[in-house]
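All heavy atoms count here, side chains included; hydrogens, waters and symmetry mates do not. Proteins get letters first, then strands, A, B, ... in listed order; numbering begins at 1 in each.
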Amino acid sequence: MAVIIDRRFQNGNKNLPDAERFRGRTKQHIERAMRKIIGESNIKDVGTGGTTTVPIPSDEIDEPQFIYDAKNPGPRVHPGNERFHAGDKIPTGDQSDSDGSGGGAEDGIDEFRFVVSREEFLKLFFDDLELPDLARKAIGSITEKQRERRGISSAGPMNRLDLTRTMRKAIGRSVVQGRSELTRELAAIETRLTQQIDASEKTQLETRGLEITKRLKRIPFIDDNDLRFRRFEEIQKPIAKAVMFCLMDVSASMDEARKDLAKRFFILLYLFLERKYEKVELRFLRHTESAQEVDEEEFFNGIKNGGTVVLPVLELTRKIIDDHYPLSEWNIYIAQATDGDAFGADPKRSAHFILNDLLPIVQYFAYIETNTDGGITELAKAYSKLSSKLNFAMQRIKERGQIWKVFRKLFEKKVRS
Amino acid sequence: MTLPSSGDLSDEVIDAYDKAICEVAVGEFELDCYPNQIEIITSAQMLDAYAATGLPIHYPHWSFGKEFMRNADAYQKGQRGLAYEIVINTNPCIAYLMEDNSIPIQGLVIAHASYGHNSFFKGNYLFREKQGVPADAIIDFLVFARDFVKKQEERHGIAAVERILDSAHALQSYGIDRTVRPKERSATEEEKRTRTREENAWQRYDDVLAHTTKTPEKVKTEGDENVLNDDNLLYFIEKHSPKLKDWERELVRIVRKIGQYFYPQGLTKVMNEGWATFWHYEVIQRLHQKGLVDDSFMIEFLVSHTNVTTQQGFNRRGYSGFNPYTLGLDIFRDIRRVCEGKDPVTGETCSRDVRTEDERWFPHLIGTDWKKALNEPMRNFKDETFVQQFLSPTLMRRYRMFAVSKDDDRAYNVDAIHNDEGYRSVRRTLAGQYAYAFYHPEIIISGYNRHSDRSLELLYRSPSGRDLDTASAKKVLAHTARLHGFPVVMHCEVAGLAKYKLEGYPHQ
């Protein structure tokens, strides 16, 4: 009869390596698509869509064949004639009578649309980026309990039964207790009984047989002592905690376009962190001439206007760090976006503050200038004095298309020396 | 004892169904089958199988990845249901059951694939003739192919291997021998052969040497009839390309062999699916008659059967040509109708007029044993000849078939419809649609300038005036030149157009 094989528990996804190769070929298209999405879609939609469609032009993944020109499909038969006679002409472009889809069997070169879930997309997208210098800071309360496998125990709940070990013990014990020997003997007796034997031997064998059966009944198949269970222990594991401060300038000089650039940058950052780091907290601060902390909703969607003073927001940041994020436990990251339109003593004082009060305690400070005009701003000049610091980085974004590139530059995986 | 029509899929359930179906399909209906191997797989694994056109084992290549993603995508979007069945021509016959499907569907799949398709693969001449890799040897060959490709990737890098495979794939439809019968080779024999080939690589090195040394193969020279007019481009490249290294040649051969293996499948889609559908229907009906499956089973079966055999009219949404399941099933049923003089499904006797028509069109079928009458085409025909021989006016009327052609961009000509004047023409046109050349332009080797610039010359001729898609043709020529190592020129002679040339160069 038929041989039936259950392959469900075999390693599925034989195709994973091939799918990976395909993705490798199309990576640049994915990047291009991401650039487009960041740059062009509604801020609300970036990162909230369930799936993303990445169209790939056929060149990369082309599988050309010798085929006929689609203009002349050859003589064909179709079903469902309602009113045609031999000799009629059907004008092309006449939709109701048009030639179906040109017959099903002929495959033209189709454009490939690569649809990924948001998850996959972000994974592909952020694959080679990381938060720099994510140091592990481990003391006391910032550990968390994790369960790890630690050997075998002879007691436990049934769902943790280790069947292999249990059976090994059971078989070992039954060997010692003579189960297999006795079974063999019993089988021999039974065979002998089917043969021609005299009455005395018969009764002898039958008694012995009964004895053996009684003995066997007393040897359990599995004994409580045979049971073995997998054992787990709870271990304290240190985790790295990080907090990212997002500082955005919402003053009057930040017109819609600039605010848009900043927002898009922060969304990218937000997606990145949410995707990659489970335990990263985000704090949103915005400022005009004064600073305030807001929630995510307000940060991305709220409307505010005013003058520009940078220092207050930096001071506020410091205050929050001092109040809520002990340095022994937290890795601190700051990203600031403004259009650089600060003036007077502000730029110098801000740079000074960053140098003395922020840089020493943060892992990384990223400054994004959404400057659509060109020219070096006062703020940029002041900040440029900090550019020698290893944990400070400055980038300018002039237009949407650059957001992605800049982001990558800031968060490229650094080769560890 | 009724078979279970719901519940979990288990070995026992499958075995029970298989036994019952076998009893009917083989015991009563006398279908001749290879031994069966039924595999239960997850939907993820079904997607895997789909991507690799049903091959249980395949060499790694990104095109399988693309196919996988395309299908996974469509499946997730609900656009396409995964096939109920994938079955390929192997001995033993391997059929996949997807675990997500219900029990009645699994029963249907077993009847359809493990007995319907199975008997077709065993009986049809295109599969019986050992033109390519026969059913017994295909798995071994695929194992060899996969391991060989992986080894070359390790040795020479993925990019170098992809280069060759990509180009060979472009010519996969042009690597077919229609008459050669090579010996069967097992995986170990393949390895031996490759080693020997590598050991004898020096023999291939120099054309001069080839003249003076005894080589196992005949060297085909200019003017030698064997190489000219041959349409097996991959074979030519494999044997004669001056620049391919041995391992590259072997890759080309692998692609060629697999193409050859699938070649019959393309030519018999209508017959194969029609045969399997015809018999799955008969088998399940018989099981019901015997009380082995209950009414709820039948309802689910009929819904699925109807879905699979839907056919839209040309101007309806969802039309995409003739559904091979429907057409094949209907032609087989029609043959039976002609033999018995009554409708095979309703039992209704055919009218006088229809009877007279049948007598005129199929005199050799009237009154004969319908089972024998079905077997004859199953064994000896392919789609093209099947349609040409057996498509009846009854069916042409039922489908309201009409034939169109396109002379210019502005309009289609209706050449014939389903009436006395048009039947033969409609039938001939539809049969033509199942010819290999209808989808694959006929291209032959017209010259190989071995003693001058080593360029390869190809010829495409179309007396009917069907031009090539020159954009793709150029790409394929570039691939061809890459494999050949020297320029490739294609002369195109299309009726109604001026002659023209297309060219491909190795370093495009």
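Of all the listed residues (B:Ala411, B:Gly422, B:Ser405, B:Cys22), the one sharing the greatest number of non-hydrogen pairs under 4.5 Å with chain A is B:Ala411. The greatest number of non-hydrogen atom pairs below 4.5 Å with chain A, out of B:Asn419, B:Ile158, B:Asn323, is found for B:Ile158. Interface remark: of the candidates A:Pro79, A:Gly74, A:Ala2, A:Pro79 forms the most heavy-atom pairs closer than 4.5 Å to chain B. In terms of heavy-atom pairs under 4.5 angstrom with chain A, the leader among B:Arg316, B:Gln37, B:Lys269 is B:Gln37.
Between B:Met490 and A:Phe66 there is a side-chain heavy-atom pair separated by less than 4.5 Å. Side-chain contact check for A:Ile90 versus B:Val414: some heavy-atom pair is nearer than 4.5 Å. Within the 4.5 Å cutoff, no side-chain heavy atoms of A:Lys71 are placed close to those of B:Asp467. Residues B:Asp15 and A:Ile4 meet the side-chain proximity criterion, which asks for heavy atoms closer than 4.5 Å. Using a 4.5 Å cut-off on side-chain heavy atoms (C-beta onward), A:Pro73 and B:Phe438 make no contact.
If you measure heavy-atom distances from B:Gln312 to chain A, the contacts under 4.5 Å come from the backbone alone. Proximity to chain A is limited to the backbone of B:Asp415, based on heavy atoms less than 4.5 angstrom apart. In this structure, no portion of B:Arg398 lies under 4.5 Å from any heavy atom of chain A. For a residue to count as touching a neighbouring chain, one of its non-hydrogen atoms must lie under 4.5 Å from one of that chain's; by this rule B:Ile443 touches chain A with the side chain only. Contact of B:Pro441 with chain A is made through backbone and side chain together, with heavy-atom distances under 4.5 Å. With a 4.5 angstrom heavy-atom cutoff, B:Ala416 touches chain A only via backbone atoms. If you measure heavy-atom distances from B:Leu233 to chain A, the contacts under 4.5 Å come from the side chain alone.
When every heavy atom of A:Tyr68 is checked against every heavy atom of B:Glu442, the shortest pair comes out as OH-N, 4.3 Å. When every heavy atom of A:Asn72 is checked against every heavy atom of B:Arg466, the shortest pair comes out as O-NE, 3.1 Å. Counting all heavy atoms, side chain and backbone alike, B:Ser472 lies closest to A:Pro64 at O-CB, 4.2 Å.
Side-chain N or O atoms of A:Gln65 include none that pairs as donor or acceptor with a backbone N or O of B:Val476 at under 3.5 Å. Looking only at distances, a side-chain donor or acceptor of B:Gln433 sits under 3.5 Å from a matching main-chain atom of A:Val77.
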Q | B:His418/A:Asn81 under side-chain contact (heavy atoms from CB on, under 4.5 Å): CA gap, chis, key distance, verdict | A | CA-CA 9 Å; B:His418 57 286; A:Asn81 180 13; 4.1 Å; yes

**Q.** Working for side-chain contact (heavy atoms from CB on, under 4.5 Å), residues A:Arg76 and B:Thr429
**A.** CA-CA 6 Å; A:Arg76 284 174 191 250; B:Thr429 308; 5.6 Å; no

Q: Would you sort out whether A:Lys89 and B:Asn413 count as a side-chain contact (heavy atoms from CB on, under 4.5 Å), showing the intermediate values?
A: CA-CA 5 Å; A:Lys89 289 221 187 289; B:Asn413 299 322; 2.4 Å; yes

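Side-chain N/O atoms of B:Tyr399 and A:His78 include no donor and acceptor closer than 3.5 Å.
Atom CG of A:Asn159 sits in a crowded spot, with more than 12 heavy atoms from other residues, nucleotides or ligands closer than 6.0 Å. Atom CZ of A:Arg149 has more than 12 neighbouring heavy atoms from other residues, nucleotides or ligands inside a 6.0 Å radius.
The structure places CG of B:Leu97 at 10.0 Å from CG of A:Asp6, a figure rounded to the nearest 0.5 Å. Atom OG1 of B:Thr470 and atom CG of A:Asp69 lie 7.0 Å apart (nearest 0.5 Å). To the nearest 0.5 Å, atoms CD1 (A:Ile5) and OH (B:Tyr96) are separated by 9.5 Å.
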